[in-house]
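See below for the structure under consideration.
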2 protein chains.
Amino acid sequence: MAVKIKDVAKKAGVSVTTVSRVLNDGKYVSDELKEKVKKAIEELNYSPSFIARSLVLKKTNLLAVIVPNITASVNSIILSKIEETASKNNYNIIVCNMAENLDKQYKYLNIFKEMRVDGIIITNEKIDDKTRDFLESINIPIVFASAKPSNQKHIAIVVNNYQAAYDAAEYLTSLGHKRIAFIGGDRRDITSGQERYNGYRNALKNNKIPLVEEYVEFGNYSLQDGYSIMNKILKCKKLPTAVFAASDDMAVGAINCIKDNGLKVPDDISVIGFDGTAVVDIVRPRLTSMEQPIKEMGTMAVEMLIQKINKQQTLVNEVIVNHELVVRDSCKKV
Amino acid sequence: MAVKIKDVAKKAGVSVTTVSRVLNDGKYVSDELKEKVKKAIEELNYSPSFIARSLVLKKTNLLAVIVPNITASVNSIILSKIEETASKNNYNIIVCNMAENLDKQYKYLNIFKEMRVDGIIITNEKIDDKTRDFLESINIPIVFASAKPSNQKHIAIVVNNYQAAYDAAEYLTSLGHKRIAFIGGDRRDITSGQERYNGYRNALKNNKIPLVEEYVEFGNYSLQDGYSIMNKILKCKKLPTAVFAASDDMAVGAINCIKDNGLKVPDDISVIGFDGTAVVDIVRPRLTSMEQPIKEMGTMAVEMLIQKINKQQTLVNEVIVNHELVVRDSCKKV
DNA sequence: CTGAAAGCGCTTACAG
DNA sequence: CTGAAAGCGCTTACAG
């Protein structure tokens with residue numbers, strides 16, 4: 001790592017300026033010098049320092065990403081698309097797996113600021129007050145993907161979670177279900193927690209189906225929570241005929257629990273999930289799910305972030321992408 | 001982002017040197033000045049530039065990670081542990097999802113070098129010649145986790161893949177199976193491709209079971225490949241009574257395929273997987289698997305990398321961690 | 001087309 | 001305990 005631009009300048013018999021020029025645009029350099037410089041670079045195995053460059057240019061080409069939990073399928077999918085799109089656009093990504101830890105998220109945001117990252121993507125929507133203040137004051141471009149905390153000014157790319165949940169619940173009622181349980185997400189999450197619940201509740205209401213308190217429980221989107229919540233619901237004296245889970249993982253947990261209790265899906269209980277992750281085709285029966293365009297959201301998040309970095313088109317504040325009911329084998333008429 | 005150390009020095013009425021001191025160790029500064037500086041920092045909402053600091057210190061506190069495919073469970077688990085351990089040790093991570101693309105991996109390695117990352121962790125073992133040369137010449141500490149390419153000098157943390165596969169196959173023979181199919185990984189992968197196959201083959205040989213060519217096929221560790229390969233195997237005139245898949249994902253794909261063809265696991269065909277990822281408890285029947293200590297490998301990789309960065313203990317060249325057969329419900333006696 | 005010099009925002013001997 | 005100055009490795013007006 002010892003070789004620097006000065007060394008190649010010396011070796012090539014030119015100035016540092018000239019080396020810098022061939023390293024970058026290559027303009028205003030004669031072919032002769034260009035050759036000499038290239039040869040010197042080659043021989044010295046020279047690799048320019050990104051960080052010295054960043055210091056001068058005030059641009060790091062770094063995008064930071066905060067995900068609530070990398071090991072959850074929906075996050076790893078969105079992350080892989082973020083990385084892919086960033087890479088195509090010559091950006092590198094730094095990852096924070098906040099692991100549901102709000103302090104860690106706050107700490108990372110401060111680090112991102114110190115690192116002078118060019119932009120930040122957040123797929124988590126749980127934020128505490130100090131984080132909210134921080135997000136308010138920071139002047140690094142930020143976009144939320146598949147998340148939208150309340151009271152903040154940054155761009156968010158989301159499905160209409162209320163409507164999507166409404167449509168999912170309505171689908172169950174259209175199959176004749178009257179006893180519909182709900183396995184919800186984290187109530188601290190505005191869109192994936194609260195709005196999905198509200199959609200469920202209003203669909204029931206508009207279909208004149210009473211809300212049964214025992215049928216509603218909230219979890220952290222994980223398979224494990226889906227399982228244990230389903231287990232609790234199966235203890236009700238009168239079993240539901242359908243379950244709407246606010247994530248595919250929880251839906252699969254519910255299915256497994258139902259099976260393990262000797263009941264059948266969808267014969268005894270229908271199950272519908274939310275997200276559209278890979279598990280939908282993994283479980284048997286295949287999971288009917290209210291799907292978000294996860295990959296597209298990842299791609300869009302990066303593209304919009306880069307636009308914002310480049311100061312184009314800052315008018316957009318929220319993008320609503322389409323949700324889609326994909327019917328598979330886990331729901332049937334009652 | 002406009003405020004810099006000079007601004008807080010001016011505001012506090014001290015020298016830049018003093019500000020730098022309170023920012024770092026805080027030694028050799030009177031309490032009085034310390035207070036003034038802290039106040040100025042607070043009022044200016046000053047955040048020191050990591051990159052200017054890195055330039056001086058020749059240390060970026062950045063660790064780069066290359067994974068073959070983030071969305072594969074085994075990789076997201078190891079990545080989450082890498083992130084967790086790095087974060088605890090005050091390092092940040094940059095991620096490259098190589099997506100099975102060797103050129104992308106090479107390109108990223110060059111970027112990592114330009115970024116002067118302090119260390120690199122690679123969980124992929126497919127490397128081409130130019131990458132091998134690059135890895136040979138680079139003087140950034142590198143450790144391979146759950147991967148070990150041939151002919152390279154860097155630390156690798158792996159299970160004994162040969163022995164683990166041998167033990168898995170032997171387990172099937174101990175249950176009385178004579179017709180054992182093998183769904184292998186990528187043959188370009190030394191340990192997870194070739195060694196697992198060799199373990200399978202030799203276990204059969206030592207148990208006097210003939211190798212049936214139709215029973216052996218290789219894939220990319222994904223559920224989809226497991227499914228399609230199993231589908232091919234089910235076309236054999238004489239069906240196997242057991243299948244050993246070189247990843248849990250492929251095993252689950254195989255199970256689904258078997259089910260979709262009207263057969264039962266383990267009654268008709270036993271299935272054993274490899275890795276020990278979350279899916280083992282998700283599928284029904286639960287998957288018996290030859291497990292690697294995935295999380296521990298992620299943690300160790302970071303710890304050993306940091307040791308190497310700090311120049312301690314460079315003697316270790318390879319660490320073999322224990323594999324473990326975890327019996328669940330997907331295999332039975334024949 | 002070419003290069004000397006200033007500057008990016010820090011840290012750290014060195015001198016006091 | 002305190003600060004002036006050099007230096008980290010680049011880029012870019014500016015002058016020629």
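Numbered from 1 within each chain, the chains take letters A, B, ... in sequence-line order.
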Would you mind classifying the nucleic acid contact of [X] as base, sugar-phosphate or nothing, using non-hydrogen atoms under 4.0 angstrom?
| X | answer |
| --- | --- |
| A:Ser20 | base |
| A:Lys58 | sugar-phosphate |
| B:Phe50 | nothing |
| A:Ile51 | nothing |

Using only side-chain N and O atoms of A:Ser30, determine if any of them is under 4.0 Å from OP1 or OP2 of C:dT2.
yes

How many Å lie between [atom1] on [X] and [atom2] on [N], as a whole number?
| X | N | atom1 | atom2 | answer |
| --- | --- | --- | --- | --- |
| B:Leu55 | C:dC10 | CG | C1' | 8 Å |
| B:Leu44 | C:dG9 | CG | P | 14 Å |
| A:Lys4 | D:dC8 | NZ | C1' | 8 Å |
| B:Tyr46 | C:dC10 | OH | P | 3 Å |
| B:Leu57 | D:dG7 | CG | P | 17 Å |
| B:Lys59 | D:dG9 | NZ | P | 16 Å |
| B:Lys6 | C:dC8 | NZ | P | 7 Å |
| A:Ile5 | D:dT11 | CD1 | C1' | 8 Å |

If we take the C1' atom in both C:dG16 and C:dT12, what is their distance in whole Å?
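Comparing C1' positions in C:dG16 and C:dT12 gives a spacing of 16 Å.
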
Assert: residue with more 5' nearest nucleotide on DNA chain D, out of A:Thr17 and B:Lys27, is B:Lys27

Assign each of B:Ser15 and B:Val56 the nucleotide of DNA chain D bearing its closest heavy atom; nearer the 5' end lies the nucleotide of B:Ser15

From the set [options], return the single nucleotide nearest to any side-chain atom of [X].
| X | options | result |
| --- | --- | --- |
| A:Arg21 | D:dC8, D:dC10, D:dA13 | D:dA13 |
| A:Ser49 | D:dG9, D:dG3, C:dC10 | D:dG9 |
| B:Val29 | C:dT11, D:dT2, D:dG9 | D:dT2 |
| B:Arg53 | C:dG3, C:dC1, C:dT11 | C:dT11 |

Just checking A:Lys59: does its NZ atom have more than 12 heavy atoms from other residues, nucleotides or ligands closer to it than 6.0 angstrom?
yes

Tell me, which of residues 35-43 of chain B have any heavy atom that sits under 4.0 Å from an atom in DNA chain C?
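Close to the strand, none.
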
Between [X] (side chain) and [Y] (backbone), is there a donor-acceptor pair under 3.5 Å?
| X | Y | result |
| --- | --- | --- |
| B:Asp118 | B:Thr60 | yes |
| A:Asn89 | A:Ala86 | no |
| B:Ser192 | B:Asp189 | no |

Taking the basic N atoms (NZ, or NE/NH1/NH2) and the acidic carboxylate oxygens, is any pair closer than 4.0 Å for B:Glu84 and B:Lys88?
yes

Could you walk me through whether A:Asn124 and A:Gln105 pass side-chain hydrogen bond (donor to acceptor under 3.5 Å, both in side chains), step by step?
CA-CA 10 Å; A:Asn124 166 58; A:Gln105 172 171 250; 2.8 Å; yes

Would A:Lys126 and A:Glu100 satisfy salt bridge (charged side-chain N to carboxylate O under 4.0 Å, His left out), going step by step from the backbone distance to the final call?
CA-CA 8 Å; A:Lys126 279 178 274 299; A:Glu100 313 289 339; 3.5 Å; yes

Residues A:Asn61 and A:Arg53: side-chain donor-acceptor under 3.5 angstrom
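No.
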
Could you go through A:Lys104 and B:Glu83, starting from their C-alpha distance and side-chain angles, then the distance that decides it, and tell me whether this counts as salt bridge (charged side-chain N to carboxylate O under 4.0 Å, His left out)?
CA-CA 12 Å; A:Lys104 188 171 177 188; B:Glu83 193 273 349; 2.9 Å; yes

Toss me the dot-bracket line for DNA chain D: Watson-Crick and G-U wobble, both under 3.5 Å, 5' to 3', using | for pairs to another strand and [ ] for crossers.
|||.||||||||.|||

Between B:Thr18 and B:Ser15, does a side-chain hydrogen bond (donor to acceptor under 3.5 Å, both in side chains) hold up when you go through it step by step?
CA-CA 5 Å; B:Thr18 299; B:Ser15 73; 3.2 Å; yes

